[in-house]
Amino acid sequence: MYTKLQLFKMLTSGASIFIGLFAAFLWWKASIVEIPVEEQSNTDGVLPAQISVVSINGKEIDPFKTASEQSKWNKWAAQASAGAAFLQAIVWMLPD
């Protein structure tokens, strides 16, 4: 049988592993997210200025909106990693 402390340490370590894997998924998602260029309507005969780049996949994307979306995913991944590190710190500080 496990003591309550051993059980707590195992559950905390397991949660840390799960959260760390979730952070890895979030960083992977941040690396592949792309926001396509929105077609601008020509209502008054003049098209607005627009910057776009062609991604490695050959799609035309908006670099500013893509960077903003990637920042959102990166923020979530960093928060998840901080949570995983915090749980590992708790496990490390507890006696055996």
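Bear in mind the structure is a predicted one, so any value in this text is a computation, not a measurement.
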Using only atom types and a distance under 3.5 Å, with no angle test, would you say the side chain of Ser16 pairs donor to acceptor with the backbone of Thr12? no

Would you give the length of the straight line joining atom CH2 of Trp92 to atom CG of Leu87, rounded to the nearest 0.5 angstrom? 15.5 Å

Return yes if some donor-acceptor pair links the side-chain N/O of Asp62 with the main-chain N/O of Phe64 below 3.5 Å, else return no. yes

Which of Val54, Ile35, Val53 passes side-chain contact (heavy atoms from CB on, under 4.5 Å) with Ile61? Answer is Val53

Measure from the side-chain N and O atoms of Ser13 to the backbone N and O of Met10, and report whether any donor-acceptor pair falls under 3.5 Å. no

What distance separates Ile32 CD1 from Ile56 CD1, expressed to the nearest 0.5 Å? 13.0 Å

With sequence neighbours excluded, what pairs up with Lys72 under the salt bridge (Lys or Arg N to Asp or Glu O under 4.0 Å) test? Glu69

Distance check, rounded to the nearest 0.5 Å: Phe18 atom CZ versus Leu11 atom CG? 14.0 Å

Will you find, in the side chains of Ser55 and Glu34, an N or O donor that is under 3.5 Å from an N or O acceptor? yes

Is there a donor-acceptor pair closer than 3.5 Å between any side-chain N or O of Gln79 and the backbone N or O of Asn74? no

Atom of Ser52, atom of Pro63 and distance for their closest heavy-atom approach: CA-CD, 3.9 Å

Any chain of hydrophobic side-chain contacts (each under 4.5 Å) joining Phe22 to Val91? no

Looking only at non-hydrogen atoms, find the nearest pair between Gln50 and Glu38 and report the distance. NE2-O, 2.9 Å

Counting N and O atoms only, with roles assigned by atom type, does the side chain of Ser81 sit under 3.5 Å from a partner on the main chain of Ala77, one being a donor and the other an acceptor? yes

What about Trp27 and Val33, same hydrophobic cluster or not, with Ile/Leu/Val/Met/Phe/Trp/Tyr joined at side-chain heavy-atom distances under 4.5 Å? no

Would a hydrophobic clustering, with Ile, Leu, Val, Met, Phe, Trp and Tyr connected at side-chain separations under 4.5 Å, put Ile90 with Leu7? no

Rounded to the nearest 0.5 Å, how far apart are CG of Leu26 and CH2 of Trp73? 6.0 Å

With heavy-atom distances below 4.5 Å as the criterion, would you say the side chains of Leu21 and Phe25 are in contact? no

Search all heavy atoms of Gly20 against all heavy atoms of Ala84 and return the closest pair with its distance. N-CB, 3.9 Å

Let me confirm one number: the OG1-CG distance from Thr3 to Asp96, rounded to the nearest 0.5 Å. 10.5 Å

Other members of the hydrophobic cluster containing Met1, with the 4.5 Å side-chain heavy-atom rule, please. none

Distance from Ile51 atom CD1 to Lys65 atom NZ, nearest 0.5 Å? 12.5 Å

